[in-house]
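What follows is a set of notes on a single structure, which appears directly below.
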Amino acid sequence: ALPVVRSQEIGIAHALVAFGFALVAALAVFQPDPAARAPLVAWLLLWAVVTAAGIGAVRAVVAARRARWHAAGRLKQLVAIYGTGDHAERLVERLRATCPETIEIVGVFDDRAGRGVIGRGLRALPHGTTAELVEMSRLLEIDRIIVALPHAAEKRLLEILRRLHKIPVEISLAPDMVGFNVPAKDHEEFGGLPLLDVYGKPLTF
C-alpha cells in the first residue's frame, strides 16, 4: 500500500507544480494598472488557494477510485501469449509473479497446440491455434499479444507476425527476441520486462 500512496502524493505534487508555473506565467504576462493591481493580486491569491485545494482533492479522489478498481480487477489488461514452449512458460511465470493485479493472461496460442505440443506449466491455461487467437480477439478486447518463440525460429517468427498483424492489438516480442530482423516500433517496459513493440493499435486509450 505504501508505493500506491507514494504514487498518489507524487501525482498531486506534479499537478500543483504545473498549476503554480501557469499562475506565475499569467502574473508575469498580465500587467494591470497600479490602482487595480492590489485587488487583482488578492483575488488571484484567493483563486489560487481554492483551485490548488480543488486539484489536490480531485486527484486524491481519482487515485482512491483507481486503487479500488485495481483491487477489484477492473483495470486489468488482457494479454495473450503466443508460444507454448519453455520461453513462454518463463514469461507466464514472470508476469504472474510481478503483476497479477494488473494483467490477466487469457490463454497461450501456437499452431502446434492443436497437436498437443504445449509446456507442462501452460496446460492449465486456455490454449489454441493462431486462427483461434484471431477469433478470440473478436470476442474479447485483448490489449496485447506477447510473442514468445525461441531464438532459432526467426523465419517462423516473421510468418507469425505477418498473420497476427491483422489483429488491432499491441503486439510485442518477449525479451529474448530483441535483435532479430523485424520491424520494431518501440521498446516498452511491461510487467518489469523490456518488451520490443512490433505493431500497435490504430487508436489507443
Side-chain angles (χ1 to χ4, degrees), residues 1-81 91-106 136-146 167-175 178 184-205:
L2 186 58
V4 174
V5 172
R6 179 63 177 164
S7 176
Q8 294 173 3
E9 293 175 349
I10 292 173
I12 293 173
H14 285 174
L16 292 178
V17 168
F19 170 72
F21 275 117
L23 181 61
V24 170
L27 289 173
V29 171
F30 185 63
Q31 296 293 333
D33 294 333
R37 184 171 300 167
L40 178 61
V41 169
W43 183 87
L44 283 176
L45 288 175
L46 176 61
W47 173 76
V49 170
V50 173
T51 303
I55 290 174
V58 169
R59 293 286 302 219
V61 169
V62 170
R65 178 64 59 87
R66 183 164 150 266
R68 287 198 296 270
W69 284 347
H70 268 299
R74 295 176 61 183
L75 298 181
K76 282 188 175 181
Q77 292 193 55
L78 301 184
V79 176
I81 307 297
L91 176 63
V92 169
E93 183 179 352
R94 174 69 178 271
L95 293 177
R96 283 175 167 172
T98 57
C99 41
E101 302 88 1
T102 57
I103 294 175
E104 180 178 346
I105 300 174
V106 298
M136 177 181 281
S137 72
R138 296 173 180 151
L139 302 176
L140 298 177
E141 293 186 6
I142 296 177
D143 297 293
R144 185 185 295 267
I145 297 172
I146 302 179
I167 306 176
V169 302
E170 297 281 344
I171 299 177
S172 306
L173 303 183
V178 174
K185 180 175 75 94
D186 196 8
H187 293 273
E188 180 182 353
E189 185 171 301
F190 184 79
L193 298 173
L195 298 183
L196 178 62
D197 286 346
V198 181
Y199 299 117
K201 289 183 179 181
L203 292 175
T204 63
F205 180 78

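By convention here, the first residue in the shown sequence is residue 1.
Considering only residues two or more places apart in sequence or on other chains, A53 meets the side-chain contact (heavy atoms from CB on, under 4.5 Å) condition with none of them.
Of the possible polar contacts, one joining the D143 side chain to the L78 backbone as a donor-acceptor pair under 3.5 Å is found.
Between I105 and R96, the closest heavy-atom pair is CD1-CG, 4.4 Å.
L91 contributes atom CG, which lies 5.0 Å from atom CD1 of I146 (distance to the nearest 0.5 angstrom).
I167 has its side chain out of reach of I142: every pair of non-hydrogen atoms, C-beta onward, lies at least 4.5 Å apart.
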Side chains of residues 44-51: which donor-acceptor partners sit under 3.5 Å, not counting sequence neighbours?
unit_1, atom_1, unit_2, atom_2, d
W47, NE1, T51, OG1, 3.3
T51, OG1, W47, O, 2.7

